[in-house]
Amino acid sequence: MTSIASPTIPIALTIAGSDSCGGAGMQADLRTFAVHRVHGTCAVTCITAQNTLGVTRVDALPPEAVVAQIDAVADDIGFDAVKTGMLLDRAIVAAVAEKARQAGWSKLVVDPVMVSRTGAQLIDDEAVATLKNHLLPLGAIATPNRYEAQILSGLAIETLDDMKAAAEKIHHHTRHAVLVKGGAMSGNCHGVDVWFDGDRLEVLQTTAVNTRHTHGTGCTLSAAITANLARGNDPLSAVKAAKQYVTEALHRGLNIGNGQGPVGQGDFRF
Ligand SMILES: Nc1ncnc2c1ncn2[C@@H]1O[C@H](COP(=O)(O)OP(=O)(O)OP(=O)(O)O)[C@@H](O)[C@H]1O
Ligand SMILES: Cc1ncc(CO)c(N)n1
């Protein structure tokens, strides 16, 4: 029998929550990895009951269960890059940060999932502080959205200059690269992201896509960055290619459910 995957296939790990509607969270991450021809492994942090209208229930896994999943993958298969998504509570954030610190993951993308694009808080205050002080400084790239960048920088974000100032302030705290995402910005900044790595400040822009099917954009972007890092791309080119990919995914948004449908990570036209 021949095996399908060669030992040289890039491998990525996502540490994230499950989304029952399949558009965000680890479902989005694994699909995005697959489209990038990267084998996806996962450590589930929490189970969300959610659909295109919102989240109705969240159940956390014990932090030991999250760590056991990471160890099971690390001890046997290994991975080339890691991303974190929804970590939910202080204990899970602390356990993942400790694992990242011990293992010294160099290709770590931290999507600091705290506040949804609609402004709803997704994790508690203690978890926010632990994420900011313990996990974020370990990530090679942090990808806050507008509201998360406001919390992390302490700055109000209304304009492109505000996005740049927030990216610089967050970098000052983490000493690593930051991508402030503009999906929740209005006017000319809608869909514009700002990259700052301490050296280069870049504005990443595509034409804003006029769609309401935006569920999972943030997860899809950070998963694509992680996949590109796993494939050996440097951080800025990984981010630029991922931005292009999420724009295409927005054009393929799925009109399912009664609210904000998911972006189309795969090309389902056939
Ligand atoms: N309508 C749009 N047109 C073009 N790009 C967009 C649009 N909406 C979001 N994006 C892009 O999608 C990516 C994710 O950004 P966003 O600010 O939506 O993240 P998020 O709030 O974390 O997402 P999520 O909705 O998954 O929580 C960014 O690159 C952003 O610029
Ligand atoms: C599980 C999960 N992770 C992340 C997000 C943010 O898009 C979401 N809605 N659900």
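Start at 1 and go down the list; that is how both ligands and their atoms are numbered. Numbering of residues begins at 1 and proceeds along the displayed sequence. Below, each value reflects all heavy atoms present in this structure, side chains not excepted, and no hydrogens, waters or symmetry copies.
Under the side chain to side chain donor-acceptor pair (under 3.5 Å) criterion, Arg57 pairs with Asp59, sequence neighbours left out. Not counting sequence neighbours, Gln69 has no partner by the side chain to side chain donor-acceptor pair (under 3.5 Å) test. Applying the side chain to side chain donor-acceptor pair (under 3.5 Å) rule to Asp124 yields no partners; only residues at least two apart in sequence or on another chain are considered.
Taking a 4.0 Å cut-off on heavy atoms, Thr247 fails to register as neighbouring ligand 1. For His190, the heavy-atom gap to ligand 1 drops under 4.0 angstrom. Residue contact annotation: Ala24 has no non-hydrogen atom under 4.0 Å from ligand 1.
Linking ILVMFWY residues whenever their side-chain heavy atoms come closer than 4.5 Å, directly or via other members, places Tyr147 and Leu160 in the same cluster.
Considering Thr220, Asp19, Asn51 in turn, Asp19 is the only one that fulfils the side-chain hydrogen bond (donor to acceptor under 3.5 Å, both in side chains) rule with His215. A side chain to side chain contact (heavy atoms under 4.5 Å, CB included) with Val110 is found for one member of Leu87, Thr84, Leu138 and no other, namely Thr84. Results of the side chain to side chain contact (heavy atoms under 4.5 Å, CB included) test with Gln265 over Gln27, His36, Arg31 single out Arg31 as the only residue that passes. Of the residues Thr143, Asp29, Thr14, Thr32, the one that meets the side-chain hydrogen bond (donor to acceptor under 3.5 Å, both in side chains) test with Lys83 is Asp29.
More than 12 non-hydrogen atoms from other residues, nucleotides or ligands lie less than 6.0 angstrom from CG of Asp71. Remark: Glu248 CD is packed, more than 12 non-hydrogen atoms of other residues, nucleotides or ligands lying under 6.0 Å away. More than 12 non-hydrogen atoms from other residues, nucleotides or ligands lie less than 6.0 angstrom from CG of Asp234.
With hydrogens left out, the protein atom closest to atom 26 (O) of ligand 1 is Gly218 N, 2.9 Å, a heavy atom. In terms of protein heavy-atom proximity, atom 17 (O) of ligand 1 is closest to Gly183 N, 2.9 Å. Nearest to atom 11 (C) of ligand 1 among the protein's heavy atoms is Lys243 NZ, 4.0 Å. Given atom 27 (O) of ligand 1, the protein heavy atom at minimum distance is Arg117 N, 4.4 Å.
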Are there any protein N or O atoms under 3.5 Å from the N or O atoms of ligand 2? List them with distances, or say none.
residue: ligand 2; atom: 9 (N); partner: Gln50; partner atom: OE1; Å: 3.3
residue: ligand 2; atom: 10 (N); partner: Gln50; partner atom: NE2; Å: 2.8

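For ligand 1, the atoms lying closer than 4.0 Å to a non-hydrogen atom of Gly216 are 26 (O). Shown in contact with Gly191 at under 4.0 Å from a heavy atom are these atoms of ligand 1, numbered in order with element: 5 (N), 6 (C), 31 (O).
Counted by atom type alone, Asp162 and Thr159 present one or more donor-acceptor pairs between their side chains at under 3.5 Å.
Considering only non-hydrogen atoms, atom 5 (N) of ligand 1 lies nearest to Leu250 out of Val239, Asn145, Leu250. Closest heavy-atom approach to atom 19 (O) of ligand 1 among the candidates Met86, Met114, Arg146, Lys181: Lys181.
For the pair Glu168/His171, no side-chain contact is recorded, criterion being any heavy-atom separation below 4.5 Å from C-beta on.
Where the criterion is an N or O separation shorter than 3.5 Å, residue side chain and backbone included, Val209 meets it with respect to ligand 1. Close N/O approach between Thr217 and ligand 1 is found [any backbone or side-chain N/O within under 3.5 Å]. Looking at ligand 1, you'll find an N or O of Asp193 within less than 3.5 Å of one of its N or O atoms. Note: no N/O pair closer than 3.5 Å links Ala208 and ligand 1 by distance alone.
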